[in-house]
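These notes are about the structure you will find just below.
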Protein chains: 2
Amino acid sequence: MAPRPASKTAVPSDKVGVICRALRRAIIEQALAPGAKLPEDSLGERFGVSRTIARHALGQLAAEGLVELRRNRIAVVATPSWQEARDAFDIRIELERLVVRQLAGKLTKSQVAELNAHVDAEDRARDGSDAVSIRLATEFHILLANMTNSPILVRYVSEVAYRCCLTLSLYSRPHSSECAINEHRAIIAALVKGDEAKVMSLMHSHLDSVASRALVAPAPPRGRDLLDILAPYAEEGESERVVKMPKVVRAR
Amino acid sequence: MAPRPASKTAVPSDKVGVICRALRRAIIEQALAPGAKLPEDSLGERFGVSRTIARHALGQLAAEGLVELRRNRIAVVATPSWQEARDAFDIRIELERLVVRQLAGKLTKSQVAELNAHVDAEDRARDGSDAVSIRLATEFHILLANMTNSPILVRYVSEVAYRCCLTLSLYSRPHSSECAINEHRAIIAALVKGDEAKVMSLMHSHLDSVASRALVAPAPPRGRDLLDILAPYAEEGESERVVKMPKVVRAR
DNA sequence: GACCCACAAGGTGCATGCAATTGAGGCGCA
DNA sequence: TGCGCCTCAATTGCATGCACCTTGTGGGTC
């Protein structure tokens, strides 16, 4: 596959981008649970920008389906229905099958190393919080998508993966991710081997099992103070990109 | 398939939504060619709103990949590369296979009627402008997606279909759509018959042939005055939604 | 004639202000 | 006590203003 130009994020300015990334992360780490309120003022205050910018960021996230905007009402973190969650997983399966189909047998050595490093990180984080495990697992898939060098595919996979994460907050029992990690390793192996059919079916069953383990029963809502929750996300630390490169798991 | 609540467009206010719809339509009808400039001022003036709103609309369209935002520069209609166009079609194929898989054998009579009516409309428009033919062909696919009642799927199919439209402006020779119309009829027939495998393969080859007919060679750019181009789109005329929901679907 | 620089104009980046809407608490009344 | 209305604080909807960036252009120099 011929190398292609890297993806350019379609972010308007970048203050907006900073806020979006922070909120996305807060959401997938379940610091912001579905239904959590996101007033423009508080957001602006927390990130040191005006409401205009916060509002714009909320607009972007709404376009991605992570946030719900209701006219004249405070925006909230999206609360997808069970059926929407199932739909998201169905779409995700198709998209990620496409990803591995394009990638099978075409990974460079350094890419393989990067993937392995990421899974190692997942392994190391296994004892940590569920939130981090879930984030890392998701980022593995986004990392894969990135390697296709198809900006559109990256965007869709990321979006739908985030949405799926969101549903985990709602419908999943406490995460047990060990098997998932092994499945990640199996996928890498099949990719390296270049067995297109095999890797597609691996990805399919992997996501399918994640979905069925996840979509079992509703979980209780929780609430804390928005400003507190966002504190650790306010200054965009280490990981400028959603998927940070391997090695070190810990956030500074 | 159990009825589900209808999709709610994630549009913030609705002035923004009006502008988005108008611009989307102008773009897919190729009134706004790739690379066309979209200054916030002119947009605001044309639609009778402030720059703030125009800006917000541009942000949404950028998130959909129809518009490119460059910092401190005038926004332009996106100009996807040939490779991106190919990627978009690949994704589209997978998504629409999913659509027809979900729909096979599950259409109501009125839905079938609606589909047939739409294809008839395509037939009638065959002598008209290419722009209208292309729009109708695209809307057929979006109509199908709508019938899945999966908001997420609708959104992704719509988005990627619009993007594909956009690439037609760039890389396609003048449209010859008769065969496409027949293919649409064949898809409907297979859906009614409920032959899942058949309809998936039909959809696959349909889109594949559209793609290969489309992605042949670059076409010359064209330019006119933005304000003139947008005039017919400024007042949101007949079709408020791009594709109106089928009678039966509407919830509550 | 070609190149370079400085300046002006057009356009975006962002904050702020004001109007409009909503939700909630308090009060009266049955 | 319970229900409904009313008022007010909180919050969004949107326009406008100012600062800054980018680009095109004209004059000066070699």
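First the proteins, then the strands, lettered A, B, ... as listed; each starts at 1. Worth knowing before you read on, the calculation uses all heavy atoms, side chains too, and leaves out hydrogens, waters and symmetry mates.
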*Side chain of B/S50 only, please: which of C/dG11, C/dG13, D/dC14 is the nearest?*
D/dC14
*Which whole-number value in Å describes the distance from A/I19 CD1 to C/dG13 C1'?*
13 Å
*Specify the separation, in whole Å, of atom CG of A/L38 and atom P of D/dT11.*
13 Å
*State, with a plain yes or no, whether a side-chain heavy atom of B/L98 is found less than 4.5 Å away from one of A/I91.*
yes
*Nearest-angstrom distance from the residue atom CD of A/E40 to P of D/dC14*: 11 Å
_Does C/dT21 have its OP1 or OP2 closer than 4.0 Å to a side-chain nitrogen or oxygen of A/R71?_
no
_From NE2 of A/H56 over to C1' of D/dG13, roughly how many Å is that when rounded to an integer?_
15 Å
*By salt bridge (charged side-chain N to carboxylate O under 4.0 Å, His left out), which residues pair with A/R163, not counting sequence neighbours?*
none
Distances under 3.5 Å between nitrogen or oxygen atoms of protein and nucleotides 17-20 of chain C:
residue: C/dG17; atom: O6; partner: A/R51; partner atom: NH2; Å: 3.2

*Sequence-distant partners of B/T52, side chain to side chain contact (heavy atoms under 4.5 Å, CB included), two or more places apart*: B/S50
*Taking only N and O in the side chain of B/R55, is any of them less than 4.0 Å away from OP1 or OP2 of C/dG13?*
yes
_Starting the side chain at C-beta, find the nucleotide from C/dG11, D/dT12, D/dA15 nearest to B/D41._
C/dG11
_Output the rounded distance in Å from CD (B/E45) to P (D/dT16)._
13 Å
*asked:* From NZ of A/K15 over to P of D/dC20, roughly how many Å is that when rounded to an integer?
replied: 12 Å
*For B/I74 and D/dG24, what is the distance between atoms CD1 and C1' respectively, to the nearest whole Å?*
12 Å
*Can you name the residues that form a side chain to side chain contact (heavy atoms under 4.5 Å, CB included) with A/V77, not counting sequence neighbours?*
A/I27, A/L32, A/A36, A/L38, A/L166
*asked:* I'd like to check the salt bridge (charged side-chain N to carboxylate O under 4.0 Å, His left out) partners of A/E159; sequence neighbours left out, ordered by chain and number.
replied: A/R155, B/R155
_Would you call the rings of B/Y156 and A/Y156 parallel, tilted or perpendicular, taking 30° and 60° as the class edges?_
tilted
*Check side chain to side chain donor-acceptor pair (under 3.5 Å) between B/E40 and all other residues, then give those that pass, not counting sequence neighbours.*
B/R51, B/R55
*Give the rounded distance in Å between these two atoms: CD of A/E68 and C1' of D/dT12.*
17 Å
*asked:* So if I take every side-chain heavy atom of A/V49 and compare against D/dT12, C/dG13, C/dA15, which nucleotide ends up nearest?
replied: C/dA15
